[in-house]
Amino acid sequence: MSAISLDTLNPEQRAAVTLPAQNALILAGAGSGKTRVLTTRLAWLIATGQVSPGGVLAVTFTNKAAKEMLTRLAAMLPLKVRGLWIGTFHGLCNRLLRLHHRDAGLPQLFQILDMADQLALLKRMYKAANIDDERFPARALQHFINGSKEQGLRPHAVATQDDYTRRQVEFYQLYETTCQREGVVDFAELLLRSFELLARNEALRGHYRARFRHLLVDEFQDTNLLQYRWLQQLAGPDSAVFAVGDDDQSIYAFRGAEVANMQRFERDFAPVRLIKLEQNYRSQGNILDAANALIANNATRLGKNLWTSEGQGEPLRAFAAPTDVDEARFIVEAVQSLVDQGLSAQEIALLYRSNAQSRVLEHALFNAGMPYRVYGGMRFFERAEVKHALAYLRLLANPEDDNALLRVVNVPPRGIGTRSLEVLQEHARGAGVSLWAAACAGRIAGRAGASLGQFVGLIERLQTETAALPLPEMVEHMLARSGLKAHYQSDKDGQERLENLEELVNAADGFLRETGGVLAVMDAEGGETLLEPLAGFLAHAALEAGDTQAAEGRPALQLMTVHAAKGLEFDTVFITGLEEGLFPHENSLNEAGGPEEERRLMYVALTRARRRLYLSLAQCRMLHGQTRYNVPSRFFSELPPELIEWLSASVHARVARGTPSMVPERRAQPSGGSGLRIGQSVRHAKFGLGVIVNAEGLGDDARVQVNFHEGGVKWLALEYAKLQSAG
DNA sequence: GTATGGAGCATGTTA
DNA sequence: TGCTCCATAC
């Protein structure tokens, strides 16, 4: 094996990479070379012969991160990556469950439900069981079920103090029965099922524990309880766990991530070697100073301070615009001038807290003729037409898949409507069989029965016709013969959908070439391999929903939420919409730990920038079709003023007093002679300083909505609340 | 069985 | 403002 060069690593990085086989927690600050350390560690372990490629397990959260790790590893070492246990939590669980499906109580070709599939199944279940959708919204139940699973809780283990929860648990149980009967598995189930498999089956657990001498975990701060316990199952007394994370970048608590896992790890896996990577190779001094100052406002931290050997660089620049449109205009002009100076648009990112904010920016960019790319939104395998096509493929693999059948039984329209399906479902329920079986039985009378019979015939015909075809041809054939293609051809807006269906054939082809159609591989030494192209492709579609937009040719400006920007870096970053209620988001302020998570989010945003950082806000913006007036974000008052160059009137001093500058003067209709205006700063005896953001009513009934700096947004009756003008 | 309109409603997001 | 869902009309 070739030697791995460690010369370019700093002492801490090298220490981490060359750690002996022991448990370790690497606190890796933003831009400290985290991915590099992780992959070099992996390569070093293998190259020095301390472990065989098959003896390593490395786990990440996203496919992107997993791919990145594999690519870098392959560049350092000559090895076949296919059989390596490197992947996402869900990808590895999928493999584990395919290999040991019998022990796990699943069919080998089980289908994976994405979030939309899961919700559809719940709604179907509601209908079948006559459950009141009003009192128990399907979305809430979905959240409840996934939350329970992420805590490792099966229905019987969920604590039920109140009737409401008791009912939810019943539905959870019913959902489980349904999934089991249909042989489908949701995302959380992949984790829970393989956790239980290992916990229950001592021989199997022993096998994997003996095998994986080294376990490497990326983004450890984002793990939930179940993922943590899953790792505990796989890590034996002789294995070393190398966990890399940054508590300051934990921004997914809202979906179950527990930073506490880092403390838990130090306790459960003791002794744990702790290494901090604090040298930052990304950002210039002023940017880091700003980020450090901001995050210092959080009380619950493990403690870490980033530094750089680079110079201070440029100051942060800030701009307070009167309106969201002005803010967008300012950004477009600033971007234009940077591009004129020779900076590639590709190197500039526009970040925002919520997706709704992208619209104004897009509008301004479009008018300026500036190419841009928006991340987020519909992904390839989530598009309706692609899901339809996948449903046909699922039926070919397993006609008993009720979800798939319901999705396409009437696409294209075959005269099988709601009523016919109700009858079919009653038959199926009565006989305790799948919809497919009920349809095959042919006991449905009339036209609907005939249509169903034809549908059954179609699927059976497709099965025989495609049985011997390679995957891409199979997809092609299905598209043509199912009527899907013709359906979208006759649709006047179907052009793009048709192209996506064509793209699906390409995706199948690509999948086959990249993986050889392998569903699961036992080990890197070429042990057990399960060849099942169709099932493999379907799993791939669920586990990798694909990109949201195909990459475009010319360099484009990048637009995304701050969440989506995590892990990325740009020369220049604009953080937009820095207003109280927006960033930090108002909904987060009442949540436990919410404000601190918002601050970490801001920290992530700041540390994305290498050289230039712009902060902007609008004092009034359209949100949900209404004009809102906001005070500047508290984050401005948490950044050292000397680091910021204001391109508009500074907001700093005013933030301290809780008032914005430059709010357009608009009379509040109802206040009459009171002298109060929307946008005006006021003082309230109890709530302190705030800004009037809305008003309604006349005379004695007049009420105003005030956004208080400390107390949030409140409606106050003018008659009782003694508001003093403070601006 | 399908098309249309109005009401209701809004964080963040990966697998 | 723009979407998703349900009710009603064809």
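Lettering follows sequence order; numbering is per chain, from 1.
Cation-pi contact between A/Arg255 and A/Tyr252: present, with separation from the ring centre below 6.0 Å and deviation from the ring axis of at most 45°.
A straight line from NZ of A/Lys127 to C1' of C/dC5 spans 12 Å, rounded to a whole angstrom. A straight line from CG of A/Leu92 to P of B/dT14 spans 19 Å, rounded to a whole angstrom. Going from atom CD of A/Gln357 over to atom P of C/dG2 covers 16 Å, rounded to whole Å. Rounding to whole angstrom units, CD of residue A/Glu586 and C1' of B/dT11 are separated by 9 Å. The separation between A/Glu596 atom CD and B/dG12 atom C1' is 18 Å, rounded to whole Å. We find that CZ of A/Arg139 is positioned 14 Å from P of B/dC9, with the value rounded to whole Å. Following rounding to the nearest Å, A/Asp186 (CG) and B/dT14 (P) show an atom-to-atom distance of 18 Å. Following rounding to the nearest Å, A/Arg599 (CZ) and B/dT11 (P) show an atom-to-atom distance of 23 Å.
One P atom belongs to B/dT13, the other to C/dT4, and the distance between them is 16 Å to the nearest Å.
Between A/His100 and A/Tyr208, the ring centre distance stays below 6.0 Å. Aromatic rings from A/Phe187 and A/His90 are positioned such that their centres are separated by under 6.0 Å.
OP1 or OP2 of B/dT13 has not a single side-chain nitrogen or oxygen of A/Thr62 nearer than 4.0 Å. Note on A/Ser354: every side-chain N or O is 4.0 Å or more away from OP1 and OP2 of B/dA10. Note on A/Asn355: a side-chain N or O is less than 4.0 Å away from OP1 or OP2 of B/dT13. Contact check, A/Asn587 against B/dA10: no side-chain N or O comes under 4.0 Å of OP1 or OP2. For the OP1/OP2 pair of B/dA15 and a distance below 4.0 Å, the side-chain nitrogens and oxygens of A/Arg379 include at least one atom meeting the criterion.
Ion pairing between A/Asp117 and A/Arg394 holds under the 4.0 Å rule for side-chain N and carboxylate O. Between A/Arg419 and A/Glu422, at least one side-chain nitrogen of the basic residue sits less than 4.0 Å from a carboxylate oxygen of the acidic one, meeting the salt-bridge criterion.
Across C/dC5, B/dG1, B/dG12, the shortest atom-to-atom separation from the side chain of A/Ser420 is found for B/dG1. The side chain of A/Asn63 approaches B/dA15 more closely than any other nucleotide in the set B/dT11, B/dA15, B/dG1. The nucleotide whose nearest atom lies closest to any side-chain atom of A/Met115 is, among B/dA10, B/dA15, B/dG1, B/dA15. Comparing atom distances between the A/Thr88 side chain and each of B/dT11, B/dA15, B/dG1 picks out B/dA15 as nearest. Comparing B/dA10, B/dG12, B/dA15 by their closest approach to the side chain of A/Phe187 singles out B/dA15.
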Q: Just do the side chain to side chain donor-acceptor pair (under 3.5 Å) check on A/Tyr603 and A/Gln249 with the steps written out, would you?
A: CA-CA 7 Å; A/Tyr603 176 77; A/Gln249 290 189 73; over 6 Å; no
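For the pair A/Ile251 and A/His90, both in contact range of DNA chain B, the more 5′-proximal nearest nucleotide belongs to A/Ile251.
In this structure, A/Leu623 reaches neither bases nor backbone, as no heavy-atom distance under 4.0 Å exists between it and the strands shown.
Here A/Phe254 lies parallel enough and close enough to stack on the base of B/dG12, with planes under 30° and ring centres under 5.5 Å apart.
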